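Some notes on the structure that comes next.
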Amino acid sequence: QVQLVESGGGLVQAGGSLRLSCAASERSLSNYAMGWFRQAPGKEREFVAAISRSGGITYYAGSVKGRFTVSRDNAKNTVYLQMNNLKPEDTAVYYCAARAGNLASIVVNAYDYWGQGTQVTVSS
């Protein structure tokens, strides 16, 4: 069992930046590929970004590519999502997720463990 805890969400104006963190307790995140997803009210949970276990391969949704950066520090057992040039349409609850193995995935159901989510609100 892997427990994931997100932090770093908040309220920001359009054009601003936030950095989300996802920390694991008890087990090392270095054993897992990681993903970030988000869910806005009334919408399905959608893929945002993902990173392989080693950190060498990353994937991004088209809507965030060039603005968001996913990274990881296995020594700190933490995964990050740097979000720049935020837009009102980025408003959602953001979740990190872990899946065993090296390969990241853009598919929600591919992940085994989920955090509780952190709210990001972008005002216009």
Side-chain angles (χ1 to χ4, degrees):
Q1 187 77 13
V2 177
Q3 292 186 332
L4 303 173
V5 179
E6 301 97 336
S7 61
L11 173 64
V12 64
Q13 288 188 330
S17 298
L18 285 173
R19 187 175 82 157
L20 304 183
S21 299
C22 174
S25 60
E26 299 178 10
R27 289 198 177 185
S28 173
L29 278 184
S30 63
N31 295 323
Y32 299 87
M34 300 296 296
W36 285 97
F37 295 79
R38 65 187 181 187
Q39 189 166 18
K43 294 188 175 181
E44 296 286 321
R45 190 168 299 190
E46 66 174 6
F47 168 74
V48 176
I51 188 167
S52 63
R53 187 176 62 181
S54 65
I57 299 173
T58 56
Y59 303 105
Y60 295 94
S63 59
V64 307
K65 197 168 186 178
R67 300 188 297 122
F68 291 13
T69 302
V70 60
S71 62
R72 64 191 302 158
D73 186 338
N74 287 340
K76 294 184 178 180
N77 224 23
T78 303
V79 177
Y80 304 98
L81 184 67
Q82 177 67 44
M83 306 186 295
N84 298 329
N85 190 22
L86 282 159
K87 304 176 181 181
E89 51 264 42
D90 294 318
T91 295
V93 177
Y94 283 71
Y95 299 89
C96 70
R99 69 187 301 254
N102 184 55
L103 298 178
S105 173
I106 68 171
V107 177
V108 170
N109 291 340
Y111 288 83
D112 305 304
Y113 305 103
W114 292 83
Q116 83 290 347
T118 185
Q119 176 71 46
V120 171
T121 303
V122 184
S123 63
S124 57

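This structure is a prediction, so every number in the text was calculated from the model and none was measured. In what follows, residues are counted from 1 in the order of the sequence shown.
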Review point. Can Arg45 be said to sit on top of Tyr95's aromatic six-ring, NZ or CZ under 6.0 Å from centre and within 45° of the ring axis?
Key: yes
Review point. Can you find a heavy atom in the side chain of Val2 that is under 4.5 Å from one in the side chain of Tyr32?
Key: yes
Review point. Are the side chain of Gln13 and the backbone N or O of Ser124 linked by a donor-acceptor pair below 3.5 Å?
Key: no
Exercise for review: Could you note down all residue pairs passing salt bridge (Lys or Arg N to Asp or Glu O under 4.0 Å) where residues 52-69 supplies at least one of them, sequence neighbours left out?
Suggested key: Arg67-Asp90
Review point. Judged by atom type as modelled, is there a donor-acceptor pair below 3.5 Å linking the side chain of Arg99 to the main-chain atoms of Leu103?
Key: yes
Study note, to complete from the structure: Between the CH2 atom in Trp36 and the CE atom in Met83, the distance rounded to the nearest 0.5 Å is 8.0 Å
**Study point:** Spatial distance of atom OG (Ser17) from atom CG (Asn84) [nearest 0.5 Å]
**Key:** 3.5 Å
Check your understanding: To the nearest 0.5 Å, what is the distance between CZ (Phe47) and OG (Ser63)?
Key -> 9.5 Å
Check your understanding: Can you tell me if Thr91 and Glu89 form a side-chain donor-acceptor pair at under 3.5 Å?
Key -> no
Review point. So, Tyr94 and Arg38: side-chain donor and acceptor under 3.5 Å apart, yes or no?
Key: yes
Exercise for review: Quick one: pull up OG in Ser105 and OH in Tyr111 and give me the separation to the nearest 0.5 Å.
Suggested key: 5.0 Å
Practice item. Verify the ring-centre separation between Phe37 and Trp114: is it less than 6.0 angstrom? Key: yes
Exercise for review: Indicate whether any N or O donor in one side chain lies under 3.5 Å from an N or O acceptor in the other, for Thr78 and Asp73.
Suggested key: no
**Study point:** Listed partners of Ser7 passing side chain to side chain contact (heavy atoms under 4.5 Å, CB included), at least two apart
**Key:** Ser21
Point to revise | Thr69 side chain near Leu81 side chain, heavy-atom distance below 4.5 Å | key: no
